[in-house]
Amino acid sequence: MTTKDIGPKNPVQKGAEATIDYVDDRSGIKTGTRWFLFRNIPAGTSWFQTLGFTAMVVFGMQAITGIILAMYYVPDTKGGAYQSIEYITNEVTWGWMVRGMHKWGASVMIIVVFLHMARVFIWGAYKYPRELTWVTGSVLLLLTMFMGLTGYLLVWDQKAYWATVVAVNIFASAPILGPYIGDILRAGPEFGPATLSRFYSIHMLVIPGAIATFIGLHLYFIVRLGISEPPWSKRRLRIERDEEDARRAAAREKAKALPGSVNYPASWPVEAKEGAR
Amino acid sequence: MKPADKKAYDKDYAQAKKTGKPFFPYAIYKDTIVAGLTVVAIIILAITIRVEVGEPVNPATTDFIPRPEWYFYFAFELLKIFANQNALTPVIMATFMVPNIMIILLVVWPFIDRGPERRIWKRPFALGLTVIVTGMLCYLTWMGANSPAGVAKGSLPVSGLDEQATKGMAVYMANGCGSCHMVAGVGAPGPGPDLTNHGSTGWDQAKLIAWFKAPKAPMPSYASLPPQDLQDLAVFVGGLGTKYK
C-alpha cells in the first residue's frame, strides 16, 4: 500500500484487524461508531447538557444493583419477601450498601431526570426539530415515576404496603378504565400474593424493558438531530450582535437619506435617534 | 414555526455543527465527570443514611397514615387540597383530572409551543410556567413531608361500643379507613371527611352499606368485604357521635 508497509504484520494485530473487518462487513460497526462517537456537536455545548447522560448512568446503576438484589429477593407475601429484605440488609456482604444505593439511586434518578427536563424546557430545546425527542423523554419521566411506585411495594413493610394500597385505589378510582387498571395492578380484586408477584415482574421486567427501549429511541433522536445549542452560546451571541449592528447601520443610512435630518454620532443608539427625530 | 423559520434554524444549526467539536472526547468528558460525581453522591448517601427494614406487613391493622416515597408527596397533597370540596367539584379532580391534564400537557407540549424563540427571557409565558410549576411541586412536596404521620394503634377513643360496634371498629381499623378519615381527632385529616359525628347525618345502615360498596372517588369500593363486616362497619359508623362518643 504505502512505503511504510515494510514487513509482515504482527500476527495478533493482523488477526484483530481481520476480525474487525469481518464484523464490520456484516454490521457496519465502523460507520456506526464514527456516526455516534465522532459526530460534531456545537462548540457551546454546556455542562448543563450532561444531565441526560447522568440519568442514563444512574439507570444503569439501578439495573446493576437491581440485578444483585433480585438474586436474593423472594417475592413471597408469607414472610419470605420481608425476610429476604432483612437478610439482604443484615447478612449479605455489602448487602446494605447495594440496597442503599438502589434506594437512593431511585431518588437521585427522579431529581436528575427532573433537572434534565427543566434544562430542556428553559432552553426551548424541545422546539423544531426535536419535538419527538421531548415526547420520548416525557414517557421516560413517567416510566421512572412508575418504577418508583412499583419498587416501593417490594420491601413489603407496613408503610410500603399501605401506601401502595392507597395508590392502587387512586388508579382504580379513575372513570371507565379505572376498575380494570386496579384489577390488573392487584392481579385480582384484592391485595395478596399475586399482587406482589405482579409488581415484582412489572418492576423488574416490564418497565426496565420499556425504559431501555425509550432510551434507545431518545438516543437515536439525539444523535440524528444533534444536541441542541445553548440559545446564548458565544456563536449565537456573536450572530445576534452582528445582526444588531447591521440593523443599526441600516437605520443610520435611512436617517442620513431623510432630508433635513441631523447626523448623529454612530455610537448613539438607534432608539435615541429615532426618538429625537 | 413557519417553514422559513425551520429553514433558518436548520441552516444555523448546520453552521453550529460545522464549527463545533467532536462528541468524543469533548462532550463525553463532561458527561463522565458529572455522572461520576452523581454516582459518588449516591454511594455516600447509601453509606451515611442507611436504609432501614420497616415493620412487617400486617393487612389486619393500619396504625399510621400510609406515606408514599417523597417524590409522590405532591400527588398525595393534591388529594388533600381537593378533599373538602362540595359535590360540584368532585375529588376526581385530584386523582384523575389534574394529573392527567398535566401528563397530557407534558407529552404534547412541543406541539403547543411552536414559536421559534428559544431564549427564556423572551418567552415570558414559558418562564412563568417554569417558576409556577417548580414552585408548586416544591411547595406540595414540602407540605407532604410535614403532614402528620401517626394514627393511634389498635382502637379509637370512642366509648359506649356494643359488641357489633366493636367488631365494626375492628373492620374500620383493618381496612385503613383511618388513613383518610378522622374520628375523635384520630386519623388522617383527609382526603375523606371527619366521621366523628357521622351518626348525626341521619344516614341509615342501608345507605351506609350502599356507600361502602359504591362510594364516590377517590374512596375505594369495599364491595369485596364479607356482608357481615359491612353490616358491623355500618353500625359503627352510623352510631358515631350519637350512640358512640
Side-chain angles (χ1 to χ4, degrees), chain A residues 37-43 45 47 50 53-54 57-58 61 82 85-86 89 96-97 99-101 103-105 108 110 112 118 121-124 126-128 131 134-135 138 142 148 152 155-159 161-163 165-167 169-170 172-175 189-191 226 229 231-232 235, chain B residues 1 6 9 13 16-24 26-27 30-31 34-35 38-39 41-43 45-47 50-51 53-59 62 64 66-72 92 95-96 103 106-107 109-111 114 116-120 123 126 130 134 176 179 217-218 220 224:
Chain A
L37 228 44
F38 300 106
R39 65 202 150 99
N40 257 17
I41 52 165
T45 303
W47 285 96
T50 58
F53 180 84
T54 304
V57 167
V58 176
M61 202 199 78
Y82 185 78
I85 295 289
E86 259 187 332
T89 314
W96 59 271
M97 171 115 162
R99 191 178 156 221
M101 281 171 72
K103 172 112 181 157
W104 282 110
V108 170
I110 297 266
V112 171
F121 188 85
I122 291 169
W123 289 26
Y126 53 83
K127 297 190 173 203
Y128 172 85
E131 297 94 335
W134 171 275
V135 172
S138 55
L142 297 175
Y152 197 43
V155 291
W156 204 250
D157 64 11
Q158 276 288 70
K159 205 165 91 169
Y161 178 84
W162 286 106
V165 168
V166 172
N169 284 345
I170 288 172
S173 72
E190 292 206 45
F191 249 76
E229 189 185 23
W232 39 83
R235 194 190 67 88
Chain B
M1 256 176 143
K6 289 184 182 174
Y9 181 81
Y13 187 74
K17 238 180 144 160
K18 214 169 143 191
T19 56
K21 299 178 291 192
F23 172 72
F24 179 87
Y26 290 98
K30 285 183 181 170
D31 283 346
V34 174
T38 309
V39 171
I42 291 170
I43 292 172
L45 280 169
I47 292 172
R50 299 284 181 99
V51 194
V53 181
E55 274 179 70
V57 167
N58 182 358
T62 168
F64 55 86
R67 293 292 284 276
E69 282 278 47
W70 67 266
Y71 41 82
F72 287 114
I92 203 170
T95 61
F96 187 73
I103 289 171
L106 172 78
V107 176
W109 182 255
F111 309 105
R114 294 188 296 183
E117 184 56 62
R118 284 162 209 260
R119 290 163 296 182
I120 189 72
R123 293 154 58 213
T130 311
T134 313
S179 310
S224 57

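Just so it is clear: chains get the letters A, B, ... in the order the sequence lines come, proteins before strands, and each one is counted from 1. Both backbone and side-chain heavy atoms feed into the values below; hydrogens, waters and symmetry mates do not.
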Mind running side chain to side chain contact (heavy atoms under 4.5 Å, CB included) on A/F53 and B/T38 for me, showing each step along the way? CA-CA 11 Å; A/F53 180 84; B/T38 309; over 6 Å; no

Side chain of B/K30, backbone of A/T45: donor and acceptor closer than 3.5 Å? yes

Chain A contacts, top residue of B/A126, B/P56, B/P116 (heavy-atom pairs, under 4.5 Å): B/P56

Portion of A/V58 that has a non-hydrogen atom of chain B nearer than 4.5 angstrom: side chain

Between B/K17, B/R114, B/E117, B/K6, which shows the greatest number of heavy-atom pairs under 4.5 Å with chain A? B/K6

Under the ring pair (Phe, Tyr, Trp, His ring centres under 6.0 Å) test, which residues partner A/F38, sequence neighbours left out? B/F24

B/F72 versus chain A, heavy atoms under 4.5 Å apart: side chain, backbone, both or neither? side chain

Smallest separation among heavy atoms of A/G100 and B/A46, with atom names: C-CB, 3.5 Å

Please work out whether the ring planes of A/W134 and A/F121 are parallel, tilted or perpendicular, with thresholds of 30° and 60°. tilted

A/V112 versus chain B, the contacting section by heavy-atom distance below 4.5 Å: side chain

So, the part of A/I122 with a heavy atom under 4.5 Å from chain B: the answer is both

For A/W123, is it the side chain, the backbone, both, or neither that has a heavy atom closer than 4.5 Å to a heavy atom of chain B? backbone

Selection from A/V57, A/V135, A/I110, A/T89 maximising heavy-atom pairs under 4.5 Å formed with chain B: A/I110

Tell me, for B/R119 versus chain A, whether the close heavy atoms (under 4.5 Å) come from the side chain, the backbone, both or neither. both

Considering only heavy atoms, which portion of A/K127 lies under 4.5 Å from any heavy atom of chain B: side chain, backbone, both, or neither? both

Largest heavy-atom contact set with chain B, pairs under 4.5 Å, which of A/M61, A/R235, A/E86, A/E229: A/R235

Just wondering, are more than 12 heavy atoms of other shown residues or ligands nearer than 6.0 Å to CZ in B/F111? yes

So which part of B/Y9 gets closer than 4.5 Å to some heavy atom of chain A, the side chain, the backbone, both or neither? side chain

Residue set satisfying side chain to side chain contact (heavy atoms under 4.5 Å, CB included) with A/M97, at least two apart, ordered chain then number -> A/W94, A/M101, B/I43, B/I47

Here's a test for you: under ring-ring contact (aromatic ring centres under 6.0 Å, His included), which of A/W156, A/Y152, A/Y82 qualifies with A/Y161? A/W156

